[in-house]
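Proteins come first, then strands; the chains are lettered A, B, ... in the order of their sequence lines, and each starts at number 1.
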Amino acid sequence: MLDPRLLAERRDEVAESCRRRRVRADLDGAIAAYEAVARLRGAVDEANRLRNEHQKSGNRKLEAAEREAHVAAGRRLKEAVAAREAELAEAETRLAAAAAELPNFIHPDVPDGGEDDARELRRHGEPPRFDFAPLDHLALGEKLDLIDFESGTRVAGPKFYYLKNEAVLLELALVRLAVEMIRREGFTLYATPDLAKPDVVAGLGFNPRGEETQIYSIANADLCLVGTAEITLGGLFADRVLDEAELPIRLGGLSHCFRTEAGSYGRESRGLYRVHQFTKVEMFAVTRPEDSEAMHAELLALEERYFQALELPYRVLDIAAADLGAPAFRKFDIEAWMLSRGEAGGYGEVTSTSNCTDYQARRLGARFRRSGAKRTEHVHMLNGTAVAVSRALVALLENHQRADGSVAIPKALQAWCGFDRIAPK
RNA sequence: GGAGAGGUGGCCGAGUGGCUUAAGGCACAGGUUUGCUAAACCUGCAUACGGGAAACCGUAUCGAGGGUUCGAAUCCCUCCCUCUCCGCCA
């Protein structure tokens, strides 16, 4: 959510953000709604003031006739307050609806365009050159008895899967490597709830309901399955006022992630790349406004370090405006090389880190107080993937396969999984 | 799941319709005084929104939301949460 007080003042910037993100929103409606809310709030305050004044004047012995007149006047004042309040509530509803449509501001360096217009910042490593016929992760998963998609579909539906044998240990090792890396960097570790209340989900900028939603809802409870621990980690700060000295805060969250993938059927529909459930270690940071850009660079550096440790070739993208989503001010993705992308291999997203500035914090009510200051300010919130296990597995299996049908395990992972290769049975 | 007890300011806690702009205490901050492993006293001390250069003023907030009333922390309804006991359970 944007600060409604800034809408009129920074109208051009907001309109530009909507245009570049290809979001249609009624900006002028939001501005008008805010002005109505401000005006009506004043009217309610004034009506209440008159009512309170009248009440105080009645705090004494009154003659019967006098009391009767007092009560009648009080009744009229009460009705006046109720009328103003109804108008205010209506205006607030309009403002909330209009403001919810408006996306965050955009960092000046963010490229224009959509999915295909990201700016490639750098590449690391070379895609492997195989002197044999390489297999994609589906074939490897079946041959090495690591992944069972068929049973996943039978038991839970399409895009669910079972990990088996070494793949289970690989999941634990990937998680453990990520957790150890960020713990050393001062991140406090959390294993989070996998469900959250809809208003927390919405507070982080996700849409918990509706046709397009990526979020599962629970049928017999007012709860959603989280799409990322960003939701539950961000929720920790809802309605909190932090001391400046506590910042920055770095959290690491281990959770399962659930996504409906509505509208994406038929797109990369086979394999682990796009699935309904996966395990993820998420980094989350809370900073002062002036520190969020440096923190964003720090999160990206950690993501790169992790994929370097896995000895995987990757590239770093500065995501274009229309692909940012509403909360992100700027977003960097890491794409690892995968055999199963495109005709003969390509880069596929494995991590994503966003600086959401104060967009989520405002809706959540996450604030801090500068030392000595009386007023509070909203914090900045950032998130980044340490590891999303399903996609890391795709890259790992496809990049590290050998001519003999085995898959080599990178050194950094061996200590945590206990083997250095996965051989055909 | 059943029964009971509760939710008041940073914390403890008083408060069963108007004298509460929420008593008192603790903690915290500033000051005064005496003095020395500190105490006493005085003053201040919530958040949000609006107005004001500021002092300050107005409004809202006693778990949340509705209701009764001229007037609600206080009465009524719904919901949420916490604690105790019982049942079930990894």
Side-chain angles (χ1 to χ4, degrees), chain A residues 1-9 30-96 98-99 191-203 208 217-224 232 235-247 254-256 289 358-379:
Chain A
M1 178 169 109
L2 295 175
D3 184 348
R5 284 169 297 197
L6 292 178
L7 295 182
E9 191 180 318
I31 292 172
Y34 174 67
E35 281 163 0
V37 165
R39 179 167 42 75
L40 288 165
R41 199 166 277 150
V44 168
D45 281 1
E46 178 62 13
N48 268 316
R49 191 185 66 76
L50 292 172
R51 182 166 172 244
N52 290 341
E53 208 169 65
H54 178 259
Q55 278 160 216
K56 269 181 203 138
S57 74
N59 287 351
R60 59 190 167 87
K61 282 250 179 280
L62 295 176
E63 297 299 321
E66 212 181 349
R67 172 62 64 189
E68 204 175 306
H70 179 82
V71 166
R75 199 174 285 138
R76 281 195 300 278
L77 287 168
K78 182 168 81 160
E79 280 158 11
V81 168
R84 295 290 89 73
E85 274 177 346
E87 288 167 29
L88 174 60
E90 192 269 333
E92 277 174 336
T93 304
R94 261 191 301 132
L95 174 60
T192 72
D194 286 340
L195 289 82
K197 296 179 182 177
D199 53 310
V200 176
V201 173
S217 290
I218 303 295
N220 58 351
D222 192 24
L223 286 168
C224 303
T232 40
L236 287 170
F237 301 99
D239 298 314
R240 295 260 324 267
V241 180
L242 301 161
D243 286 335
E244 183 177 18
E246 295 177 75
L247 301 175
L254 168 63
S255 81
H256 291 114
D358 60 356
Y359 189 87
Q360 298 171 320
R362 178 164 295 103
R363 178 114 180 226
L364 285 171
R367 290 158 296 158
F368 79 106
R369 195 188 314 276
R370 291 187 193 273
S371 53
K374 192 162 165 51
R375 309 211 26 106
T376 58
E377 296 169 52
H378 288 100
V379 295

From [atom1] of [X] over to [atom2] of [N], roughly how many Å is that when rounded to an integer?
| X | N | atom1 | atom2 | value |
| --- | --- | --- | --- | --- |
| Glu46(A) | rA60(B) | CD | C1' | 15 Å |
| Leu40(A) | rC49(B) | CG | C1' | 14 Å |
| Asp243(A) | rC28(B) | CG | P | 15 Å |
| Asn48(A) | rG50(B) | CG | P | 17 Å |
| His54(A) | rG18(B) | NE2 | P | 18 Å |
| Asp199(A) | rC80(B) | CG | P | 14 Å |
| Asp3(A) | rC49(B) | CG | C1' | 12 Å |
| Leu364(A) | rA48(B) | CG | P | 16 Å |

Using the [atom1] atom as the reference point in each nucleotide, state the distance between [N] and [M] in Å, no decimals.
| N | M | atom1 | value |
| --- | --- | --- | --- |
| rU61(B) | rG65(B) | P | 9 Å |
| rG71(B) | rG2(B) | P | 38 Å |
| rG1(B) | rU68(B) | P | 33 Å |
| rA46(B) | rC11(B) | P | 14 Å |
| rG44(B) | rA53(B) | P | 26 Å |
| rU21(B) | rG9(B) | C1' | 15 Å |
| rG66(B) | rC80(B) | C1' | 14 Å |
| rU8(B) | rC75(B) | P | 16 Å |

Mind listing the closest non-hydrogen atom pair of [X] and [Y] along with its distance?
| X | Y | answer |
| --- | --- | --- |
| Ala91(A) | Ala36(A) | CB-CB, 4.2 Å |
| Arg41(A) | Glu92(A) | NH2-OE2, 2.7 Å |
| Pro193(A) | Thr232(A) | O-CG2, 3.4 Å |
| Tyr34(A) | Pro4(A) | CD1-CB, 3.6 Å |

For [Y], is there an ion pair with [X] - N to carboxylate O distance below 4.0 angstrom?
| X | Y | result |
| --- | --- | --- |
| Lys197(A) | Asp199(A) | no |
| Arg84(A) | Glu87(A) | yes |
| Arg94(A) | Glu90(A) | yes |
| Glu53(A) | Arg49(A) | yes |

Determine whether a donor-acceptor pair (one donor, one acceptor, N or O, separation below 3.5 Å) exists between the side chain of Asp45(A) and the base of rG50(B).
no

So, does [X] get its side chain near the phosphate of [N], meaning an N or O under 4.0 Å from OP1 or OP2?
| X | N | result |
| --- | --- | --- |
| Asn52(A) | rA60(B) | yes |
| Thr376(A) | rU47(B) | no |
| Arg49(A) | rG51(B) | no |
| Arg5(A) | rG50(B) | yes |
| Arg75(A) | rG71(B) | no |
| Arg51(A) | rG71(B) | yes |

Closest listed nucleotide, where the reference is the side chain of Tyr34(A) and the choices are rG50(B), rC70(B), rA60(B)
rG50(B)

Pairwise 5' ranking along RNA chain B for Lys197(A) and Lys78(A), keeping only the more 5' one:
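Comparing both residues, the 5'-ward one is Lys78(A).
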
If you assign each of Ala73(A) and Arg369(A) to its closest nucleotide in RNA chain B, which residue comes earlier from the 5' end?
Arg369(A)

Assigned partner base of [N], Watson-Crick or wobble definition, under 3.5 Å:
| N | answer |
| --- | --- |
| rG71(B) | none |
| rA23(B) | none |
| rU37(B) | none |
| rG58(B) | rC49(B) |
| rG65(B) | rC77(B) |
| rG9(B) | none |
| rU16(B) | none |
| rG87(B) | none |

Within the structure shown, what part of the strands sits under 4.0 Å from Arg367(A) by heavy-atom distance: base, sugar-phosphate, or nothing?
sugar-phosphate

Counting any heavy atom closer than 4.0 Å, what does Arg84(A) reach on the DNA or RNA strands: base, sugar-phosphate only, or nothing?
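If one applies the 4.0 Å heavy-atom cut-off, Arg84(A) turns out to touch nothing in the nucleic acid.
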
